[in-house]
Amino acid sequence: MTNEKKSMKTGIKIILLSLLVVLAVGGYFGIKFYKVFFAPNTTGKEKYLYVRTGSNLDNLFEELRRKDILREIGTFSQAAAKMDLARSLKPGRYKLTKGMNNRSIINMLKSGNQDPVKLKFQNLRKKENFAGYLANNLEPDSLTFSSVLDSAALIEKYGFNKDNSYVMFIPNTYEMYWNVTALEFFDRMHTEYEKFWNSERKQKAAALNLTPIQVSILASIVDAEALYDKEMPIIAGLYLNRLNKGILLQADPTVIYANNDFTVKRVTNSLLQVQSKYNTYKYAGLPPGPIMMPSINAIDAVLNREQNNYIYMCAKEDFSGYHNFAVTVQEHELNAKKYREALNKRNIFK
């Protein structure tokens with residue numbers, strides 16, 4: 001073999017060896033690049049990742065570890081550094097799927113591409129119950145929501161006071177971001193309130209000589225009285241009859257509210273003695289505020305009340321949840337007697 005051929009052969013070996021080295025090195029870095037950015041990395045143990053307002057990368061890593069969200073925190077840390085997540089991390093509630101890669105997660109956190117929260121609320125008795133519900137579903141805590149709900153300056157700005165501000169929250173299903181502030185939430189609810197009280201509803205309220213706030217307060221009583229929606233317009237008509245005639249409403253749910261005891265099954269004479277503007281056995285007209293969050297059905301039942309002559313109502317003695325209605329006190333006393341006897345038979349004395 002000539003020297004020329006030997007040199008050529010040696011050169012080919014060197015080239016092949018170099019190629020193998022390049023391929024090996026390239027393969028190593030290729031695998032590493034894939035693991036850092038594109039390999040599946042979520043465990044599937046959590047449906048959402050929550051990033052609180054003001055969080056930094058250390059807070060994020062702590063949350064990821066605490067909830068065991070990632071298979072490998074190390075590769076995520078490398079990807080976060082390469083993609084400059086520290087400078088662009090946005091708070092929010094982010095939906096996770098099993099097998100998401102680091103690149104997808106980081107892009108989601110940088111863009112703020114949140115999954116909105118669906119809030120569905122109805123029949124919550126008091127503002128503190130509402131604040132608790134909101135705190136369980138949104139970032140601000142219940143104290144923050146309560147402080148806004150009780151802010152006289154803010155409430156008065158929208159035409160409410162501390163007693164009646166609860167009527168501003170129209171029960172429905174709403175979508176909003178988890179990290180909405182308490183003030184932003186309040187503003188959104190006022191916007192929804194304004195939409196709800198359109199010209200048609202306002203005209204119907206005016207025809208009853210009531211303001212929208214008064215309609216909602218009465219609706220809260222109707223809602224508390226009616227187990228079945230189909231009775232709501234009847235009950236609304238009855239209470240409007242009493243209001244128009246200047247008769248005390250004498251609504252048992254207002255007495256229960258005034259006593260702050262929602263376990264009561266039988267309103268006794270001792271409960272009727274409570275000194276409260278919510279006790280409609282003692283004070284004429286509507287109470288100063290709602291006794292619960294009135295439903296849309298109850299509000300519309302007041303606006304579209306049944307025109308009847310009823311003045312009295314009493315729960316039916318069969319405990320079906322329906323009521324016996326009466327025009328005269330004599331009829332009512334017979335109905336009340338039947339119901340009292342049914343309560344006594346069941347040993348329900350309070």
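Worth knowing before you read on, the calculation uses all heavy atoms, side chains too, and leaves out hydrogens, waters and symmetry mates.
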Any chance you could lay out the salt bridge (Lys or Arg N to Asp or Glu O under 4.0 Å) test for Glu192 and Arg188, step after step, and finish with the verdict?
CA-CA 6 Å; Glu192 297 294 340; Arg188 167 72 185 280; 2.9 Å; yes

Rounding to 0.5 Å, atoms CG (Asn41) and CG (Leu70) come to a distance of 5.0 Å

Given Asn179, which partner from the list Arg93, Arg52, Lys90, Gln114 fulfils the side-chain hydrogen bond (donor to acceptor under 3.5 Å, both in side chains) test?
Gln114

To the nearest 0.5 Å, what is the distance between OG1 (Thr144) and CG (Leu134)?
11.5 Å

Assess the pair Tyr193 and Tyr158: is the distance between their ring centroids shorter than 6.0 Å?
no

Inspect the contact between Glu63 and Lys67 and indicate whether a charged nitrogen and a carboxylate oxygen are less than 4.0 angstrom apart.
yes

Pairing donors with acceptors under 3.5 angstrom, does anything connect the side chains of Ser295 and Asn297?
no

Under 6.0 Å from the CD atom of Glu62, do we count more than 12 heavy atoms belonging to anything else shown?
no

Give me the atom names and distance for the closest heavy-atom approach of Pro140 to Phe145.
O-CE1, 3.4 Å

Taking Lys110 for the side chain and Met83 for the main chain, is one N or O donor matched with an acceptor at less than 3.5 Å?
yes

Nearest-0.5 Å distance, CD of residue Glu317 to OH of residue Tyr339:
10.0 Å

Looking at Arg103, I want to see if its CZ is surrounded by more than 12 non-hydrogen atoms of other residues, nucleotides or ligands under 6.0 Å.
no

Cationic N near anionic O, under 4.0 Å, Asp300 to Lys204:
no

Looking at Glu333 and Lys337, does any basic side-chain N land under 4.0 Å from a carboxylate oxygen?
no

Tell me if a side-chain donor or acceptor on Tyr94 pairs with a main-chain N or O of Pro91 at a distance below 3.5 Å.
yes

Classify the ring geometry between Phe61 and Phe76 as parallel (under 30°), tilted (30 to 60°) or perpendicular (over 60°).
perpendicular

Would Arg242 and Tyr312 count as a cation-pi pair here, with the cationic atom under 6.0 angstrom from the ring centre and within 45° of the axis?
yes

Have a look at Tyr174 and tell me which of Phe185, Phe121, Phe169, Phe196 forms a ring-ring contact (aromatic ring centres under 6.0 Å, His included) with it.
Phe121

Leu64 side, atom CG; Leu49 side, atom CG - distance, nearest 0.5 Å
5.5 Å

Hey, is the main chain of Tyr310 close enough, under 3.5 Å, to the side chain of Asn241 for a donor-acceptor pair?
yes

Report the distance from atom CD of Gln330 to atom NE2 of His332, rounding to the nearest 0.5 Å.
11.0 Å

Does the side chain of Gln122 come within less than 4.5 Å of Met293's, by heavy atoms?
no

Would you call the rings of His323 and Phe325 parallel, tilted or perpendicular if under 30° counts as parallel and over 60° as perpendicular?
tilted

In terms of relative ring orientation, are Tyr278 and Tyr257 parallel, tilted or perpendicular, with 30° and 60° separating the classes?
tilted

Backbone of Val327 reached by a side-chain donor or acceptor of Glu331 within 3.5 Å:
yes

Relative to each other, are the rings of Tyr133 and Phe130 parallel, tilted or perpendicular (30° and 60° limits)?
parallel

Val117: which of Tyr48, Trp178, Tyr177 passes side-chain contact (heavy atoms from CB on, under 4.5 Å)
Trp178

Any side-chain heavy atom of Val267 within less than 4.5 Å of one from Asn259?
no

When the ring centroid of Tyr166 is compared with that of Phe160, is the distance short of 6.0 Å?
no

Measure from the side-chain N and O atoms of Asn279 to the backbone N and O of Leu272, and report whether any donor-acceptor pair falls under 3.5 Å.
yes

Run the numbers on Arg305 and Gln307 for side-chain contact (heavy atoms from CB on, under 4.5 Å), then give the verdict.
CA-CA 6 Å; Arg305 84 320 186 181; Gln307 294 192 4; 3.5 Å; yes

Would you check if Val51 and Leu89 make a side-chain contact, meaning some heavy-atom pair closer than 4.5 Å?
yes

Any Lys95 side-chain heavy atom under 4.5 Å of Met100 side chain:
no

Whether Ser220 side chain and Ile291 backbone form a donor-acceptor pair below 3.5 Å
yes

Is there side-chain contact between Val36 and Lys82, with heavy atoms separated by less than 4.5 Å?
no

